[in-house]
2 protein chains.
Amino acid sequence: MNLPPLVQSFVLHFGEMGSRWGINRTVGQIYALLYVSPEPLNAEQIVEALGISRSNVSMSLRELQAWNLVLLKHLPDDRRDFFMTPDDVWQILRTLAEERKKREVDPTLSVLREILMQQPASEAERHAQARMSEMHGLIEQLTTWYEDVKQLETDRLATLLTLGAKVTRLLEAKDKIVSLGRSKRTTEKG
Amino acid sequence: MNLPPLVQSFVLHFGEMGSRWGINRTVGQIYALLYVSPEPLNAEQIVEALGISRSNVSMSLRELQAWNLVLLKHLPDDRRDFFMTPDDVWQILRTLAEERKKREVDPTLSVLREILMQQPASEAERHAQARMSEMHGLIEQLTTWYEDVKQLETDRLATLLTLGAKVTRLLEAKDKIVSLGRSKRTTEKG
DNA sequence: TCGTGATTTCAGTAATTACTGAAATCACTG
DNA sequence: CAGTGATTTCAGTAATTACTGAAATCACGA
């Protein structure tokens, strides 16, 4: 691996984290490399920078494309493919969220729906369905929220984030005011 | 594997998804089993239900404990350990978020900080640092927001979620109004 | 059409990760 | 402090996943 020290640290870290993030080492390293590169790189440059095989680069780029995490760019008078990451980190975040949802949440949601359609054949199944229904409800609530906020433009999303805490405090204040005029309180949950 | 059909579907699905979630098949299956079980299970019961080795169960339960996803329970006059998942799905969500952050985000944040402390030795490193700084800023903003909302009690968190969209619309409306009277600047931070 | 260079595919191999069974350890009882 | 049952450890093996090199395919210009 032949890279400036700071870049190398970053690339190696992404490689190590790769497995925790559900991608592999090479994919992580390539992404990191492209992310900090001042201009698009072709496959051969990646081979040289990371010291891995050409075919590995090809497969890993393909995976990054499946994740929509890299863009393919063509330079004039050059037949080779050049790759880059989107500049906007917020856009990257959106893509990441969308793809992870697609891979990690949606399948479960659909399995839960399917199971909940069935008639329970025993008390054990009835109880299991009740639990799955709780899980299903939670996931639905989360995805509804997500579908909503993902539409936001970048600056508005940023505002919402920095506001997050303040909205909370507003809710708390409202709550206190409301509770003053209340005679009874219902707090128990099952 | 000897389970009611609906439970089995759920358990098998969690097993398959396990790898996408950064845990392995067995861990996923055990978690699913405990989640839908009406009462705590001991290791031997898990062995029977899933048809896997006793030692595998032991190691997988240990991992689930490292994730804080299962609770150990002792029954009177019984030396065996019984395991269960927390009832409250919101609490489970919190735990999951916390643990994933710890494993998947925090290490990167600290590596980024470390690299950003260094003096760039070339134009390439300077550019790389600028990119890393963007990433660092985004992650900080996200984690700040997260630290804030994770404190919320369950019902308040739920409110915030269902409100999510409305807060957005409110911001949009405010934005329009502000832009109408743009000659003077009305900032309402704080 | 052929030739050239870029890219992809894929079978084989390496590396990693998951799982098992046997042995060790632990926690409690008599 | 021996005996019993529960649990954990760990070395070996199985299963899975990652990577490579060689061959095939592709895209384009002459």
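Just so we're on the same page: letters track the sequence lines, and every chain starts at 1.
In this structure, A:Met59 and A:Arg79 both approach DNA chain D, and ranking their closest nucleotides by distance from the 5' end singles out A:Met59. A residue-by-residue look at A:Arg25 and A:Phe83 shows that A:Phe83 has its nearest nucleotide of DNA chain C further toward the 5' end.
Using a 4.0 Å heavy-atom criterion, one finds that A:Asn42 contacts no nucleic acid atom at all. As judged by a 4.0 angstrom heavy-atom cut-off over every strand, B:Thr26 is placed among residues touching the sugar-phosphate backbone only. Looking at heavy-atom distances under 4.0 Å, A:Arg80 makes contact with sugar-phosphate atoms alone, never a base. Among the protein residues, A:Arg62 comes within range of the sugar-phosphate backbone only, with heavy atoms under 4.0 Å from sugar or phosphate atoms but none that close to a base. Backbone-only engagement by B:Asn24 is indicated by non-hydrogen atom pairs under 4.0 Å involving sugar-phosphate atoms exclusively.
Nucleotides of DNA chain C with any atom under 4.0 Å from a heavy atom of chain B span, from 5' to 3', C:dA18 to C:dA27.
The side-chain heavy atoms of A:Arg20 and B:Pro107, taken from C-beta on, include a pair separated by under 4.5 Å.
Between B:Val11 and B:Ala32, the shortest heavy-atom distance links the atoms CA-CB, 3.8 Å. Nearest heavy-atom pair, A:Tyr35 versus B:Met132, reported as atom, atom and distance to 0.1 Å: CE2-N, 4.2 Å. Between B:His127 and A:Val36, the closest heavy-atom pair is ND1-O, 3.1 Å.
Protein atom CG of B:Asp78 is 11 Å distant from nucleotide atom C1' of D:dG5, rounded to whole Å.
The pairing partner recorded for D:dT16 is C:dA15, the criterion being a Watson-Crick or G-U wobble arrangement whose two distances lie under 3.5 angstrom. Under the Watson-Crick or G-U wobble criterion, with both distances below 3.5 Å, C:dG30 is paired with D:dC1.
In this structure, A:Lys73 does not pair ionically with A:Glu39, as no charged nitrogen and carboxylate oxygen lie closer than 4.0 Å. Salt bridge annotation for A:Lys101-A:Glu98: absent, with no cationic side-chain nitrogen under 4.0 angstrom from a carboxylate oxygen.
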